[in-house]
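For ligands, and for the atoms within them, numbers begin at 1 and follow the listed sequence. The model shown is predicted, which means the values in this text are computed figures rather than measured ones.
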Amino acid sequence: MTELWRLDLGQATLGLSSRRFSATELVSSALERIRETEPLIGACLAVLEEQALARARELDEAGYDETKPLWGLPIAVKDVFCLAGPPTTAGSKILANYHPVFEAAVVRKLKEAGAVIVAKTNCDEFAMGSSTEFSAFGPTKNPWRLDRVPGGSSGGAAASVAAFQTAGGLGTDTGGSIRQPAALCGCFGLKPTYGRVSRYGIVAYGSSFDQAGPLARNVDDLARLLTVIAGPDGRDSTASSREVPDYRRLDPVKPNELTLGLPKELWSADFEPEVAKILAEAKERIAAAGATLKEVSLPNLRFSVATYYILAAAEASTNLARYDGVRYGFRDGEENELVALYRNSRTKAMGAEVKRRIMLGAFVLSSGYYDAYFRKAAQVRRLIWQDYSKALEQCDLLLAPVSSILAWPFGAFTADPLKVYQLDMMTLPLNLVGAPGLSLPAGLSESGLPTGLQLMGRAFEEPRLLAAAKALEGVLPPVGAPSFRST
Ligand code: GLN
């Protein structure tokens, strides 16, 4: 019964349903793998060992239940999802001892489907970042090379899945935080349509962008998780009441039935040579399999970084106003006066990147600047949406790179935050538009690092996205298991 941690969600379900092993054995194996790999990668902020084992035993006592699609499966969730037990920190010191009294809708759905939450994974503070270096609790390392970042902000979730700690995890994607770490860690990640998944009980960053979604090691497992977490929720008015299809049972598509639009503004970016090489080979394989590749244009894409960083910062500054030292988490005890309490609590317990966003957001929303920045950005967001819709009139889905560079060495961009914002260029457009996107591994570089490709569709076209991704999954080279090399 060794090495059950190697199984993906589908394989594990087969083993559980045929009683080859128990939920307790599977969960114990995941916990063992976590213990073994955590000292190397530091993907988890909390490991829910006792809670998970107790839950697994409970499931075993009740017996396998085929009506629960995730019965007995160990799952890790990014530490922005509220649940009982360990604190929900969102990677911030200000929430270091915040114990929510409610549970995120998606966590409840996972549990109702029989999943066992085994860990809460690391992330950039309040999900602001692209490398997980901004976590107040220290960075997570990339399992392919320990001197490199795992991407972010859901870097812990991606590293954990890539390192086989669990076969599936949940992250959130406000501007790329599921797709980019998935690409840099060599796993699969899906950012659903805005409104497909409830945001209730998720620590908010940019409320008109945030969306939770799955990370896994293949397309089928993304579909399994999405089927469970998608759907309406009375406590989130933006969660769509549209029917949730069973994403696990989709009509297959062959590569030669696909017409994929290649946005030229993304494909002509300044790529690191190793990335360019992997992407060119991947493109060749996809074309050789019979897919029609067609150049399309998103003319306003060049404004997407500026637009996103204005709008997301504005929303962040509003959302983060609640962390005042009174209602949540950390409180500075030095001063008795109210304004000083607010100021000192926020000064001491928030990191530099979060402060930068709050300042920027408050500025673009301030009278005198609102029209010049916030309103203008909202208008440009609409133009990008129009470009996107027009491009999709000419093809089934868009196909684009996820990152222009491979996972970078720790600290490489600390002195230049704008450079990191620019790196988000490939992933932000989708969030501005609210559309769904799926990142899948495209191959490994000679230096042993993965990169990814993303498929992008129209709102609520997750079925098409998953079916196309499955077709490409069979064409692109599998990346396999990471080596945990230190250089
Ligand atoms: N890197 C982007 C940012 O820092 C996106 C983060 C995210 O998707 N949560 O805002």
What distance do R224 atom CZ and L73 atom CG have between them, rounded to the nearest 0.5 Å? 8.5 Å
With Y309, which residues qualify under ring pair (Phe, Tyr, Trp, His ring centres under 6.0 Å), at least two apart? Y421
Qualifying ring pair (Phe, Tyr, Trp, His ring centres under 6.0 Å) pairs with a residue from residues 196-234, counting only residues at least two apart or across chains: F102-Y200, F209-Y308
Might you list the protein residues in contact with ligand 1, defined as having a heavy atom under 4.0 Å from one of its atoms, sorted by chain and number? A127, M128, G129, S130, S153, D173, T174, G175, G176, S177, Y205, Y308, Y309, R357, D424
When you look at CZ of R108, are more than 12 heavy atoms from neighbouring residues, nucleotides or ligands closer to it than 6.0 Å? no
Determine whether E265 and S297 satisfy the following criterion, side chain to side chain contact (heavy atoms under 4.5 Å, CB included), listing intermediate values before the conclusion. CA-CA 7 Å; E265 294 80 0; S297 173; 2.6 Å; yes
Give every donor-acceptor pair under 3.5 Å between a side-chain atom in residues 372-380 and any protein atom, sequence neighbours left out.
from : atom 1 : to   : atom 2 : distance (Å)
R375 : NE     : D371 : OD1    : 2.6
R375 : NH2    : D371 : OD1    : 3.1

